[in-house]
Amino acid sequence: MTRLSVEMLAADVPEPITSAGHAQLGIAVLAGIAVIVLLITKFKLHAFLALTIGSLALGAFAGAPLDKVITSFSAGLGSTVAGVGVLIALGAILGKMLADSGGADQIVDTILAKAGGRSMPWAMVLIASVIGLPLFFEVGVVLLIPVVLMVAKRGNYSLMRIGIPALAGLSVMHGLVPPHPGPLVAIDAVGANLGVTLALGVLVAVPTVVIAGPVFSKYAARWVDVPAPERMIPQRPSEDLERRPGFGATLATILLPVVLMLAKALVDIVIDDPEHNVQRVFDVIGSPLIALLAAVLVGIFTLGMPAGFSKERISSLVEKSLAPIAGILLIVGAGGGFKQTLIDTGVGQMILDISEDWSIPALLLAWLIAVAIRLATGSATVATVSAAGLVAPLAADMSTTHAALLVLAIGAGSLFFSHVNDAGFWLVKEYFGLNVGQTIKTWSIMETIISVVAGALVLLLSLVI
């Protein structure tokens with residue numbers, strides 16, 4: 001996407017539905033977010049319902065007519081689901097195919113066969129990063145935990161020395177690299193270029209995952225020395241299969257959408273002529289929809305069929321992959337509705353005015369807002385979609401690269417200090433057989449390192465590009 005002018009952005013954004021001043025709007029934002037936090041943490045309400053009610057509360061506190069608030073919320077929900085819903089669905093299909101065909105196990109086993117000794121933590125972070133590209137965080141954890149536990153037990157490694165790199169790889173991919181839902185929503189909200197964001201996301205992800213994974217795991221292993229809990233070693237999906245896809249074919253399938261999207265970004269930079277035939281071709285094949293759809297279709301032949309799946313089995317696999325993402329789609333959609341309500345009530349313009357008055361760098365402001373919402377709600381996705389809505393107007397004067405960095409700043413902030421209000425916290429605690437204190441010393445600190453290191457790298461990049 002080319003650089004947007006303020007006039008173009010203003011043409012696309014409706015007039016505020018309330019004439020409230022900054023003080024009232026500020027109170028409305030805090031009240032709306034407080035409602036969401038209270039409903040999620042105190043009353044354990046689903047994030048979709050909490051975001052919906054919080055959006056209505058925001059409009060009410062801002063003094064906006066309720067019918068217009070409902071219209072804004074519905075419009076934001078619809079446009080967000082239209083923009084990223086299909087991509088989330090395609091990613092879920094690819095991830096399910098990767099897991100059920102034994103492709104994920106093939107990658108794991110191949111890399112582990114080549115690694116040993118001191119290189120094992122690096123092998124684990126590589127496995128997690130590759131597998132984490134198309135998979136949701138929770139799915140990646142479920143896939144990798146058996147491997148982590150078996151490697152730790154059979155190789156007599158510290159559980160944290162092996163587990164932390166794997167978790168770091170998954171978490172960094174989840175927060176910084178599309179096509180994960182959070183980065184996709186932020187890209188859509190701020191109008192960033194997906195290919196550029198992907199390229200810069202990988203650039204930030206590599207040093208971040210090294211520091212938070214293999215390097216930090218040395219200290220985590222000293223602080224928390226626990227054996228691998230045997231009761232948590234489940235059966236691996238590929239143990240029921242007579243055969244599974246090859247390593248090369250599996251890796252190529254996973255990386256196909258990434259390659260296509262990066263190729264589009266590269267062609268856009270080199271040619272920079274929308275009417276050029278080559279650029280038009282890559283604009284199509286490098287679009288997220290086509291790139292992910294191509295990976296899914298290729299995956300049928302490179303993953304499904306080599307595993308011996310019939311046409312009926314593949315059809316059933318696709319159907320089963322879509323059911324679990326209903327909640328994610330609704331949360332992401334409601335986050336988009338909340339974002340649109342923020343914009344239409346004039347909150348976006350207020351954030352823009354405040355950032356100019358206080359001289360806070362836009363990237364730092366985005367990171368801080370995402371951190372605050374993450375700490376309050378426990379959800380990286382809620383933090384991302386809410387923060388993206390708040391800071392979206394800041395992207396109006398930004399170049400393509402800085403808009404992408406804004407997305408990454410939001411993603412980095414959304415990972416800050418996972419604690420007891422985060423489902424991922426309890427998932428890690430139970431799988432690794434830790435107590436709450438041990439989980440904070442390892443998992444929570446690892447997430448904080450990822451957030452701070454990635455945020456710092458984003459700020460450094462903003463100074464040189």
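Under the 3.5 Å distance criterion, the side-chain polar atoms of Gln24 are matched with a main-chain donor or acceptor of Phe61. Counting only distance, with no hydrogens or angles, the side chain of Ser315 and the backbone of Lys311 share no donor-acceptor pair below 3.5 Å. Counting only distance, with no hydrogens or angles, the side chain of Ser462 and the backbone of Leu459 share a donor-acceptor pair below 3.5 Å. For the pair Ser414 (side chain) and Gly411 (backbone), a donor-acceptor distance under 3.5 Å is present. Under a 3.5 Å cut-off, the side chain of Ser386 and the backbone N or O of Val382 do form a donor-acceptor pair. For the pair Trp367 (side chain) and Ser451 (backbone), a donor-acceptor distance under 3.5 Å is present. Within the 3.5 Å criterion, the main-chain N or O of Gly76 finds a donor-acceptor partner in the side chain of Ser79. Judged by distance alone, the side chain of His402 and the main-chain N or O of Ile465 form a donor-acceptor pair under 3.5 Å. Within the 3.5 Å criterion, the main-chain N or O of Thr341 finds no donor-acceptor partner in the side chain of Ser72. Not one N or O on the side chain of His276 forms a donor-acceptor pair closer than 3.5 Å with the backbone of Ile271.
Between Leu303 and Phe309 the shortest side-chain heavy-atom distance does not fall below 4.5 Å. Considering only heavy atoms from C-beta on, Leu260 stays 4.5 Å or farther from Phe282 through its side chain. The side-chain heavy atoms of Phe417 and Val452, taken from C-beta on, include no pair separated by under 4.5 Å. Under the 4.5 Å side-chain criterion, counting only non-hydrogen atoms from C-beta, Leu203 is not in contact with Leu457. Val86 has its side chain out of reach of Val81: every pair of non-hydrogen atoms, C-beta onward, lies at least 4.5 Å apart. Contact annotation: the side chain of Ile17 never approaches that of Thr71 to less than 4.5 Å [non-hydrogen atoms, C-beta and beyond]. For the pair Gln279/Asp283, a side-chain contact is recorded, criterion being any heavy-atom separation below 4.5 Å from C-beta on. Between Ile187 and Pro178, some side-chain heavy-atom pair lies under the 4.5 Å cut-off.
For Thr208, the side chain to side chain donor-acceptor pair (under 3.5 Å) test picks out no residue, with sequence neighbours left out. Partners of Ala62 according to the side chain to side chain contact (heavy atoms under 4.5 Å, CB included) rule, which considers only residues two or more places apart in sequence or in another chain, are Thr18, Leu25, Ala28, Thr345.
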Problem - Chi angles and distances behind the side-chain contact (heavy atoms from CB on, under 4.5 Å) call for Leu406, Met398 - result: CA-CA 9 Å; Leu406 185 67; Met398 289 184 174; 4.1 Å; yes
Practice task
Take Leu460 and Val464 through the test side-chain contact (heavy atoms from CB on, under 4.5 Å) and record every step on the way to the result.
Solution key: CA-CA 7 Å; Leu460 286 174; Val464 296; over 6 Å; no
Exercise for the section: Could you go through the side-chain contact (heavy atoms from CB on, under 4.5 Å) check for Leu329 and Phe48 one step at a time? Expected result: CA-CA 9 Å; Leu329 282 174; Phe48 165 69; over 6 Å; no
Exercise for the section: Show your working on side-chain contact (heavy atoms from CB on, under 4.5 Å) between Met97 and Ile300 and close with a plain yes or no. Expected result: CA-CA 8 Å; Met97 200 176 297; Ile300 293 175; 4.0 Å; yes
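For Ala205 against Val172, the heavy-atom pair with the smallest separation is CB-CG1, 3.4 Å. Shortest non-hydrogen contact noted between Ser55 and Val69 is O-CG1, 3.8 Å. In plain terms, the two heavy atoms of Ser129 and Val209 that are nearest each other are OG-CG2, 4.3 Å. Smallest separation of non-hydrogen atoms from Thr384 and Gly182: CG2-O, 3.2 Å. Across all their heavy atoms, Leu317 and Ile93 have their closest contact at CD2-O, 4.2 Å. Nearest approach of Ala388 to Ile410, heavy atoms of both residues: CA-CD1, 3.7 Å.
Put simply, CD1 on Ile164 and OG1 on Thr442 are 5.0 Å apart, with the number rounded to the nearest 0.5 Å. To the nearest 0.5 Å, atoms CD1 (Ile27) and NE2 (His22) are separated by 13.0 Å. Atom OG1 of Thr439 is separated from atom CG of Asp422 by 11.5 Å, given to the nearest 0.5 angstrom. Ile107 contributes atom CD1, which lies 9.0 Å from atom CG of Leu126 (distance to the nearest 0.5 angstrom). One distance of note links CD1 of Ile88 with CG of Leu322; it measures 11.5 Å at 0.5 Å rounding. The distance from the NE2 atom of His46 to the CG atom of Leu51 is 10.0 Å, given to the nearest 0.5 Å.
For the side chain to side chain contact (heavy atoms under 4.5 Å, CB included) test with Phe416, the passing option among Ile373, Val371, Ile450, Ile449 is Val371; the others fail.
Electrostatic pairing of Arg374 and Glu447 counts as a salt bridge here, judged by a charged N lying under 4.0 Å from a carboxylate O. A salt bridge does not link Lys68 with Asp344: none of the charged nitrogens is closer than 4.0 Å to a carboxylate oxygen.
For the 3.5 Å distance criterion, the side chains of Thr302 and Thr253 qualify, holding a donor opposite an acceptor.
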